Student: 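One structure coming up, written as structure tokens, with questions to follow.
This chain uses plain numbering: 1 for the first residue, then up along the sequence. Computed from a predicted structure; not experimentally measured.
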Amino acid sequence: METPTYLAAELRLPTNGLDYAILGIYFVVVLGIGFAARRSVKTSLDFFLSGRSLPAWITGLAFISANLAATEILGMAANSAQYGAYTVHWYWIGAIPAMVFLGLVMMPFYYGSKVRSVPEFLLLRFDKGAHLLSSILFAFAAILIAGVNLYALAIVVEALLGWPQWVAIVVAGFFVLAYITLGGLSSAIYNEVLQFFVILAALIPITVIGLKKVGGWGGLTDKLTQTHGHDFVTAWGGTGIGHANPLGANWLTIVLGLGFVLSFGYWTTNFAEVQRALSAKNLSAAQRTPLIAAFPKIFIVFLVMIPGLVAAVLVPKIGTPGSSLQYNDAIPYLMQELLPNGVLGIAVTGLLAAFMAGMAANVSSFNTVFTNDIWARYIVKDREDAYYVRFGRLITAIGVLASVGTAFLASSFSNIMSYLQTLFSFFNVPMFVVFVVGMFWKRASTKSGFWGLLAGTVTAMVNYFVIYKHGIIGIPSDQGANFVSAIAGFVAGAVVMVAVSLFTRPKPEDQLQGLVYGTLPQAPTTSSGAGGTPLPGMAEPPSAGDDAWYRRPALLGWGAVVLAAACYIPFSL
């Protein structure tokens, strides 16, 4: 563990009644959406997956908002102040390809099988062992990540507004608990759409005014080149194998560790994101959900990277022992220095909205997985549907309380973004390798899912806590160690799955229909949802004359990939 880094105590914002009025209006609207959504919750499908009735533009914006937590806003701005333009890798190679893969390749499997969660898909493809282990790991990870959001919220509110940490935690936890308990996933999603625009309203003024302060983009890059060197404002400078750079990673570990393993592991198996797509009204909308989200994701990097770069210009020693400001102070510092009252209130509201969006995404996915995949399947079976809706509300409250406890664990890490990447390498990457091998290799046996998931998780943890922390192999930074842990976990999981499959019996081919790439959907499945209610069969394939649903996702997906690749050009010169 590292010594925790708090925001500078002197970063008190000059807020007034107007700013607090804006914040109050936002909280009233949030609760109003929760009460409005409550009327549509009649079944467990309504509570956990919005009745699979939402249009693609709603689920797409909720998808990106659930990811755009304040931990990302603060963390990526901090990364930019510390590492410079390397931050673009987390977006253009560390997000877009995986989001496109999720929409075009994996959503037909998820949505078509009518599963209510990512672990439930593993039950169909493998066995109860893989399903139960993945459910437990995901539920644990969701609470840990929700705790990160609560901790980050507390230190920001304490620093900016002077509220005690416990007050910030209780207030935010109450509002998230209230609107999710009232309206289930629908309430979370509609609030996330609102939060997306509030977050943009907070970031855009900071970015525009910050750029003007340092003389525009040209003035910004000139000043940074003089103080930090040319590589600081390029995407690939200094990343050759054997070259030293602040990120502590070369182009190979960036491409494999971040661009493939961590990225695909997060975006394709993190149920906090996938749940938004599963709530879409049909397969076309489900596929377009991550693809619609990919386009704002391409450009959001500028709204978090530029403030970090501006802070590095205005406070040249930020993050060093000679400065009172840490890298995490970049956004709050600019809010204090640049924003007038009113706009300041919008910015504070945007930060709180971002925290609540991130926490709500993890809490809503936690209650779905715990209720459907653990409680209803292994503990209390075959009860009436209303019972599982009531239990879902109860476990939501328990999840919020548990996340308060895990917030203290997050406080022991100096960089919240590094902590999140560590969690992703432990929990998301092993699940991804099980999905990939199971989806593309028919011979993968039912037992291989459990052992591959276990091997990948243990290997990633051993690499981080033993090999890296004890200095057995020298890795320059936590982020570099996360990339290596992700690669090690992926390789170990794949090797173990292949080895186990060679010595155990594969699943009969007639049970693999629609679960392995290249096979046709099968007849109605025997898988069940909460209370043992049979789930509908897989979606019928489109007729030969009705394939417009496929053309639009394909064009959206490839368009996002080309656009993200083109964005690299000016940062590679």
Student: State, to 0.1 Å, how close P553 and R288 come at their nearest heavy-atom pair, and which atoms those are.
Tutor: CG-CG, 3.9 Å
Student: If the condition is side-chain contact (heavy atoms from CB on, under 4.5 Å), which residues does F295 pass it with, not counting sequence neighbours?
Tutor: L556, A560, L563
Student: Which residues pass the side-chain contact (heavy atoms from CB on, under 4.5 Å) test with K212, sequence neighbours left out?
Tutor: none
Student: For the residue pair G103 and M107, what are the closest heavy atoms and their distance?
Tutor: O-CB, 3.7 Å
Student: Quick one: sort the F483 and W90 rings into parallel, tilted or perpendicular, breaks at 30° and 60°.
Tutor: tilted
Student: Is a side-chain N or O of T406 found less than 3.5 angstrom from the main chain of I143, in a donor-acceptor match?
Tutor: yes
Student: Can you check whether Y91 reaches V304 side chain to side chain, under 4.5 Å on heavy atoms?
Tutor: yes
Student: Going from CD1 on I331 to CG on L303, what distance comes out if it is rounded to the nearest 0.5 angstrom?
Tutor: 9.0 Å
Student: Taking Y111 for the side chain and A280 for the main chain, is one N or O donor matched with an acceptor at less than 3.5 Å?
Tutor: yes
Student: Write down the atom of F302, the atom of T207, and the distance for their closest heavy-atom approach.
Tutor: O-CG2, 4.0 Å
Student: If you compare all heavy atoms of A294 against all heavy atoms of I96, which two are closest, and at what distance to 0.1 Å?
Tutor: O-CD1, 3.3 Å
Student: Could you please spell out the steps behind the side-chain contact (heavy atoms from CB on, under 4.5 Å) verdict for F138 and T269?
Tutor: CA-CA 10 Å; F138 177 81; T269 65; over 6 Å; no
Student: Working to the nearest 0.5 Å, report the span between OG1 of T227 and CG of D222.
Tutor: 10.5 Å
Student: So which heavy atom on T221 is nearest to which on T225, and how close?
Tutor: O-OG1, 2.7 Å
Student: Please answer whether the main-chain N or O of L338 pairs with a side-chain N or O of K213 as donor and acceptor at a distance below 3.5 Å.
Tutor: no
Student: Begin from the C-alpha positions of I93 and S263 and carry the test side-chain contact (heavy atoms from CB on, under 4.5 Å) through to its verdict.
Tutor: CA-CA 8 Å; I93 195 173; S263 170; over 6 Å; no
Student: With a 6.0 Å cut-off on the ring centroids, do F435 and F109 count as close?
Tutor: no
Student: Please enumerate all residues that pass side-chain hydrogen bond (donor to acceptor under 3.5 Å, both in side chains) together with N362, with sequence neighbours excluded.
Tutor: none
Student: Are side-chain heavy atoms of N428 and F432 found at a separation under 4.5 Å?
Tutor: no
Student: Under the ring pair (Phe, Tyr, Trp, His ring centres under 6.0 Å) rule, collect the residues that match up with F196, sequence neighbours excluded.
Tutor: none
Student: Answer whether the closest heavy-atom distance between the side chains of M335 and L344 falls below 4.5 Å.
Tutor: yes
Student: Which label fits F427 and F140: parallel for a plane angle under 30°, tilted from 30 to 60°, or perpendicular past 60°?
Tutor: perpendicular
Student: Hey, does I306 have a side-chain heavy atom less than 4.5 Å from the side chain of V310?
Tutor: yes
Student: Classify the angle between the aromatic ring planes of Y266 and F424 as parallel (below 30°), tilted (30 to 60°) or perpendicular (above 60°).
Tutor: tilted
Student: Hey, what do you get for CG (N67) to CE (M99), rounding to the nearest 0.5 Å?
Tutor: 7.0 Å
Student: Set out, in order, the CA-CA distance, both residues' side-chain angles and the distance that settles side-chain contact (heavy atoms from CB on, under 4.5 Å) for Y333 and L314, then state yes or no.
Tutor: CA-CA 10 Å; Y333 170 77; L314 298 181; 4.2 Å; yes
Student: Could you check whether any side-chain N or O of Y26 sits under 3.5 Å from a backbone N or O of I346, counting only pairs where one atom can act as donor and the other as acceptor?
Tutor: no
Student: Is there side-chain contact between T253 and L258, with heavy atoms separated by less than 4.5 Å?
Tutor: no
Student: Answer with yes or no whether the side chains of T87 and S80 bring together a donor and an acceptor at under 3.5 Å.
Tutor: yes
Student: Could you report the tightest heavy-atom contact between S279 and T59, atom names first, then the distance?
Tutor: OG-CG2, 3.5 Å
Student: Going by ring pair (Phe, Tyr, Trp, His ring centres under 6.0 Å), name the residues that satisfy it together with F101, two or more places apart in sequence or in a different chain.
Tutor: F264
Student: Taking everything shown except W236 itself, do over 12 heavy atoms lie less than 6.0 Å from its CH2?
Tutor: yes
Student: In the structure I gave you, are the side-chain heavy atoms of V484 and Y468 within less than 4.5 Å of one another anywhere?
Tutor: no
Student: Applying side-chain contact (heavy atoms from CB on, under 4.5 Å) to T457 and M461, what does each step give before you reach the verdict?
Tutor: CA-CA 6 Å; T457 302; M461 289 182 173; 3.9 Å; yes
Student: Find the distance between CG (L291) and CG (L102) and round it off to the nearest 0.5 Å.
Tutor: 8.0 Å
Student: Check this for me: W558, atom CH2, are more than 12 non-hydrogen atoms of other residues, nucleotides or ligands nearer than 6.0 Å?
Tutor: no
Student: Would you find a donor on one side and an acceptor on the other, under 3.5 Å apart, between the side chain of T459 and the backbone of G456?
Tutor: no
Student: Is a side-chain N or O of S65 found less than 3.5 angstrom from the main chain of L61, in a donor-acceptor match?
Tutor: no
Student: Is the shortest side-chain heavy-atom distance between C567 and V88 below 4.5 Å?
Tutor: no
Student: If you measure from CG on N463 to CG on N482, what distance do you get to the nearest 0.5 Å?
Tutor: 9.5 Å
Student: Output every pair passing side-chain hydrogen bond (donor to acceptor under 3.5 Å, both in side chains) with a member in residues 341-360, not counting sequence neighbours, ordered by first then second residue.
Tutor: D19-N341
Student: Do Y568 and H89 have their ring centres less than 6.0 Å from each other?
Tutor: yes
Student: Please name the residue in the list I73, L211, I209, I206 that meets the side chain to side chain contact (heavy atoms under 4.5 Å, CB included) test with P307.
Tutor: I206
Student: Got I64 and I300 here, is their nearest side-chain heavy-atom distance under 4.5 Å?
Tutor: yes
